[in-house]
Novice: 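The structure's right below; bear with me while I get my questions together.
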Amino acid sequence: MSADTPEPDRPGRRPDEPGAPAAWPEPGPPARVGPADPHAAGEPVPPHDATTGLPPHDATAGVPPYGAAVEYVPGGTGLEYAAGYPLAPPAEPDLPRGRAVRLALLAVLASSVLGVPLGLLWAALAPDTPVLKVADGAIYAEPQPEQPVAADGWFSLLGLGFGVLAALALWFLLRRVRGPVGLLAAVFGAFGAGLVAWQVGRRMGLAGYERLLESAPVGQAFGKPADLRAGGIEWLLGVLPVPHGNLLLPAFGAAVTYTLLAGWSRWPSLRPEREPGAPGLSWESAGTPAPPAAPEPPAPGAAAPPRG
């Protein structure tokens, strides 16, 4: 109902009705909805900031003050200013690029060296394939032997498990190189370990097998050491090595595990960060003026200031 509506058309009592007001009140400002004025009620007024009218900032709450500037966090990820609030800085600063690369190369070398015991374990678990000596070499003693399939299966299981463990170890041990550098270190280290394990495992007992292949009489049965049939290295154009098959399973397991760890990390920088309000983290702006110092007491014998 607007103010231009005629008086007789307004809802409510008409002027000629009993109990009606002598004149309709003019519309005023809307009533203020809220708590009663503590000044009028005589209640104590909580302290507040005279500039913003807000309650004072509680530094122990871990929340930045209203309108405070945000300091730049060295080594951040660029998300520090989302919604006006800085993210907590990492608990450890970023490594220099050169040192991070050196640590990644060292991790690749260490993982590749661990391929030696992995190859020995594979040679111990994979069974030898029985063969028969013939005039021009050796043939399988059985029409469809299962031992080569078992050798591939053991290598696949051991390689995949090694890749998962290598990614977990690099994730927790090299926290300061988490990210693309850590992922590459895990992938290449696991691939190097698989390559070393393949060469070490297939050479266990290979010298004795070749000796029997040359000197054994025709018809003699002996065992052939484990080798890969579902994986290995092919040469592209005779110069470029291309790995394939289950030889890539260690690198695959490392890549998947490291990516999942990064995706489930609750820190944007992938490294542990200080919680808001922790020691060493300040929410205050660098340009916040210091509070005024208390006046010094008057010197002994000085004249007292006049009292009004």
Side-chain angles (χ1 to χ4, degrees), residues 105-167 169-170 184-258:
L105 293 177
L106 184 61
V108 171
L109 180 61
S111 300
S112 301
V113 171
L114 291 178
V116 175
L118 180 65
L120 296 177
L121 179 61
W122 173 52
L125 295 176
D128 293 343
T129 303
V131 296
L132 290 175
K133 174 65 181 297
V134 294
D136 54 351
I139 60 173
Y140 288 137
E142 301 174 1
Q144 296 180 349
E146 299 179 354
Q147 289 81 4
V149 180
D152 283 328
W154 277 113
F155 187 89
S156 300
L157 292 176
L158 294 175
L160 192 61
F162 180 88
V164 172
L165 295 178
L170 292 181
L184 292 177
V187 170
F188 283 101
F191 173 72
L195 187 61
V196 172
W198 173 42
Q199 293 299 321
V200 170
R202 67 185 295 267
R203 295 180 185 278
M204 297 300 299
L206 184 60
Y209 168 76
E210 292 178 350
R211 185 172 57 252
L212 289 175
L213 192 60
E214 294 177 356
S215 60
V218 176
Q220 182 177 352
F222 48 91
K224 180 182 179 181
D227 202 350
L228 292 182
R229 293 198 312 172
I233 293 181
E234 294 181 355
W235 293 90
L236 182 62
L237 302 177
V239 293
L240 182 62
V242 179
H244 66 92
N246 53 2
L247 186 61
L248 298 174
L249 279 178
F252 175 77
V256 172
T257 304
Y258 201 94

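In what follows, residues are counted from 1 in the order of the sequence shown.
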Novice: For Val131 and Leu213: C-alpha separation, side-chain torsions, deciding distance, then whether side-chain contact (heavy atoms from CB on, under 4.5 Å) applies.
Specialist: CA-CA 10 Å; Val131 296; Leu213 192 60; over 6 Å; no
Novice: Do Tyr140 and Pro130 make a side-chain contact, defined as non-hydrogen atoms from C-beta onward lying under 4.5 Å apart?
Specialist: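 Heavy-atom side-chain distance check fails, nothing below 4.5 Å.
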Novice: Between Asp128 and Lys224, does any side-chain N to carboxylate O distance fall below 4.0 Å?
Specialist: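 Here Asp128 does not pair with Lys224 in a salt bridge, since their nearest N and O are not under 4.0 Å apart.
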Novice: Give, for atom CG of Leu247 and atom CD of Glu234, the distance between the pair rounded to the nearest 0.5 Å.
Specialist: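 That separation rounds to 11.5 Å.
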Novice: At their closest point, which heavy atom of Ala226 faces which heavy atom of Ala151, and how far apart are they?
Specialist: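 Where Ala226 meets Ala151 most closely, the heavy atoms are CB-CB, 3.9 Å.
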Novice: Please determine whether the number of non-hydrogen atoms from other residues, nucleotides or ligands lying under 6.0 Å from atom CZ of Phe222 exceeds 12.
Specialist: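 Buried by this count: over 12 neighbours within 6.0 Å.
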Novice: Do Asp152 and Phe155 touch side chain to side chain, with heavy atoms closer than 4.5 Å?
Specialist: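 Heavy-atom side-chain distance check fails, nothing below 4.5 Å.
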Novice: Quick check for you: to the nearest 0.5 Å, what is the distance between Arg229 atom CZ and Asn246 atom CG?
Specialist: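 Arg229 atom CZ to Asn246 atom CG measures 11.5 Å (nearest 0.5 Å).
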Novice: I'd like to know whether CD of Glu146 has more than 12 heavy-atom contacts from other residues, nucleotides or ligands below 6.0 angstrom.
Specialist: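 Result for CD/Glu146: open.
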Novice: Between Leu184 and Val108, is there a side-chain heavy-atom distance shorter than 4.5 Å?
Specialist: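 Val108 vs Leu184: side chains apart.
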Novice: How close do Ser111 and Ala190 get, heavy atom to heavy atom, and via which atoms?
Specialist: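 Heavy atoms only, the tightest pair is CB-N, 4.5 Å.
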Novice: Which pair of heavy atoms, one from Leu160 and one from Gly253, lies closest together, and at what distance?
Specialist: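 That closest heavy-atom pairing would be CD1-CA, 3.8 Å.
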Novice: State, with a plain yes or no, whether a side-chain heavy atom of Gln147 is found less than 4.5 Å away from one of Pro127.
Specialist: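 When only atoms from C-beta onward are counted, Pro127 and Gln147 do touch, with a gap below 4.5 Å.
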Novice: With side-chain contact (heavy atoms from CB on, under 4.5 Å) as the test, would you mind laying out the steps for Lys133 and Ile139 before giving the verdict?
Specialist: CA-CA 7 Å; Lys133 174 65 181 297; Ile139 60 173; over 6 Å; no
Novice: Mind checking the CG-CD spacing from Leu212 to Glu210? Nearest 0.5 Å is all I need.
Specialist: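 Leu212 CG to Glu210 CD: 10.5 Å, rounded to 0.5 Å.
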Novice: Is the closest side-chain heavy-atom distance between Trp198 and Ile233 below 4.5 Å?
Specialist: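 In contact.
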Novice: Pair Trp235, Val239 - check side-chain contact (heavy atoms from CB on, under 4.5 Å), show working.
Specialist: CA-CA 6 Å; Trp235 293 90; Val239 293; 5.8 Å; no
Novice: With the side chain counted from C-beta on, respond yes when Phe162 and Leu249 share a heavy-atom pair under 4.5 Å apart, and no when they do not.
Specialist: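 Not touching, per the 4.5 Å side-chain cut-off.
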Novice: Taking atom CG of Leu105 and atom CG of Leu109, what is their separation to the nearest 0.5 Å?
Specialist: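 Leu105 atom CG to Leu109 atom CG measures 9.0 Å (nearest 0.5 Å).
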Novice: About how many Å separate CD of Gln199 and CG of Asp227, when rounded to the nearest 0.5 Å?
Specialist: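 One finds 8.5 Å between CG of Asp227 and CD of Gln199.
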Novice: To the nearest 0.5 Å, what is the distance between CZ (Phe188) and OG (Ser112)?
Specialist: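 Answer rounded to 0.5 Å: 11.0 Å.
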Novice: Test side-chain contact (heavy atoms from CB on, under 4.5 Å) on Val200 and Trp122 and set out the steps.
Specialist: CA-CA 9 Å; Val200 170; Trp122 173 52; over 6 Å; no
